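The next block holds one structure in the form of structure tokens; read it before the comments.
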Amino acid sequence: MKKPSFIIGKKQIVLAGMTLMLGIAIYANYALSSTGNEIKLTDKVENQSINYGEAELVDVKTEASEDYFSQARIDRMNSRDLAAETYKSIIGGGDATEEEKAVAAEQAAAMTGLMESETKIESLVKAAGFLDCVCYLDGENANIVVKSDHDGLIASEAAQIKDILLSEVSVPAENIRIFDVA
């Protein structure tokens, strides 16, 4: 049987030194923090009645609505860019048949027309005196979000927005939605 050899190497010395330092740190922490067997008393905390989860009204109308319109435009642009890339890959792809390519080209042209109409409607609504506007068109539905300078839309303003919309696109009246963001 072979007798085990005990060779002390660099790793063992470093490990022993780190263990010794850890022990010294623990002892120093204990010696410095203990002031005897007494428990330190602190001031009494007064019971405050706080109901977490209650709703609180915060007035962030202008900043939130400006953020809404900016974010809505960015989201709409991103989704349209994604759709355009999809149409481009279908049209330029080798897997698609000529019929699929033709359908994709028609849908891409329709999307481009809707994008132009959205931009034109938004400009016309702003020109009509509204502070900001975002329009969403998908061919069958139209959703318009406006920011007015007073508390909510009145019937004449909604009719004005509807007239602007119908002058640019043909959408059934029951599929038009107008929203006001204060």
Side-chain angles (χ1 to χ4, degrees), residues 18 22 45-182:
M18 292 179 84
L22 180 63
V45 177
E46 297 295 325
N47 187 9
Q48 296 177 351
S49 177
I50 298 175
N51 293 329
Y52 294 104
E54 280 188 1
E56 183 176 329
L57 180 62
V58 179
D59 187 20
V60 290
K61 291 180 181 178
T62 52
E63 185 178 321
S65 62
E66 288 173 9
D67 290 344
Y68 169 78
F69 287 103
S70 300
Q71 189 62 41
R73 285 187 182 93
I74 290 170
D75 291 344
R76 182 180 66 190
M77 183 180 68
N78 289 338
S79 65
R80 294 289 167 90
D81 288 345
L82 182 63
E85 287 296 321
T86 303
Y87 291 140
K88 186 186 265 187
S89 67
I90 291 172
I91 293 170
D95 303 19
T97 64
E98 291 302 319
E99 187 176 307
E100 290 173 336
K101 289 180 183 180
V103 169
E106 287 177 22
Q107 289 176 344
M111 183 182 70
T112 304
L114 290 175
M115 289 170 60
E116 290 173 4
S117 296
E118 286 173 346
T119 305
K120 193 171 186 181
I121 290 167
E122 289 173 3
S123 298
L124 291 172
V125 169
K126 287 179 191 176
F130 295 95
L131 299 175
D132 208 348
C133 175
V134 176
C135 180
Y136 300 98
L137 299 174
D138 67 3
E140 299 173 7
N141 298 307
N143 295 313
I144 299 179
V145 181
V146 295
K147 179 180 178 184
S148 61
D149 55 353
H150 53 277
D151 297 333
L153 290 174
I154 57 176
S156 63
E157 291 174 332
Q160 183 182 16
I161 294 170
K162 187 176 176 181
D163 288 340
I164 292 170
L165 176 72
L166 291 175
S167 70
E168 294 301 317
V169 293
S170 60
V171 176
E174 64 269 5
N175 293 346
I176 297 173
R177 303 284 185 264
I178 301 173
F179 302 96
D180 180 31
V181 175

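Sequential numbering from 1 along the given sequence is applied to the chain's residues. This structure is a prediction, so every number in the text was calculated from the model and none was measured.
You'll find the side chain of Met111 stays beyond 4.5 Å of the side chain of Gln107, heavy atoms only. Between Glu157 and Asp180 there is no side-chain heavy-atom pair separated by less than 4.5 Å. Under the 4.5 Å side-chain criterion, counting only non-hydrogen atoms from C-beta, Met18 is not in contact with Leu22.
Note that the CG atom of Leu137 and the CD atom of Glu168 stand 10.0 Å from one another [nearest 0.5 Å]. Note that CZ of Arg73 and OG1 of Thr119 are 9.5 Å apart. Values are rounded to the nearest 0.5 Å. Taken to the nearest 0.5 Å, the NZ atom of Lys120 stands 16.0 Å off from the CE atom of Met115. Here the straight-line distance linking atom CG of Asn78 with atom CD of Gln71 works out to 8.5 Å at 0.5 Å rounding. The CD1 atom of Ile121 sits 9.0 Å away from atom CD1 of Ile164, with the distance rounded to the nearest 0.5 Å.
Minimum heavy-atom separation, Ala158 to Ile178: O-CD1, 3.5 Å. Annotation for Val146 and Phe69: closest pair C-CZ, 3.8 Å, computed over non-hydrogen atoms. Closest approach of Leu153 to Phe130, counting heavy atoms only: CD2-CE2, 3.5 Å. Summarising the geometry of Lys126 relative to Cys133, their closest heavy-atom pair is CE-N, 4.0 Å, with the distance given to 0.1 Å.
When the side chain to side chain donor-acceptor pair (under 3.5 Å) test is applied to Asn175, no partner is found at least two apart in sequence or on another chain.
Within 6.0 Å of the CD atom in Glu99, the count of heavy atoms belonging to other residues, nucleotides or ligands does not exceed 12.
The side chain to side chain contact (heavy atoms under 4.5 Å, CB included) test with Leu165 singles out one residue from Ile161, Asp163, Val169, and that residue is Val169.
Arg76 places a side-chain N or O within donor-acceptor distance of the main-chain N or O of Cys135, the cut-off being under 3.5 Å.
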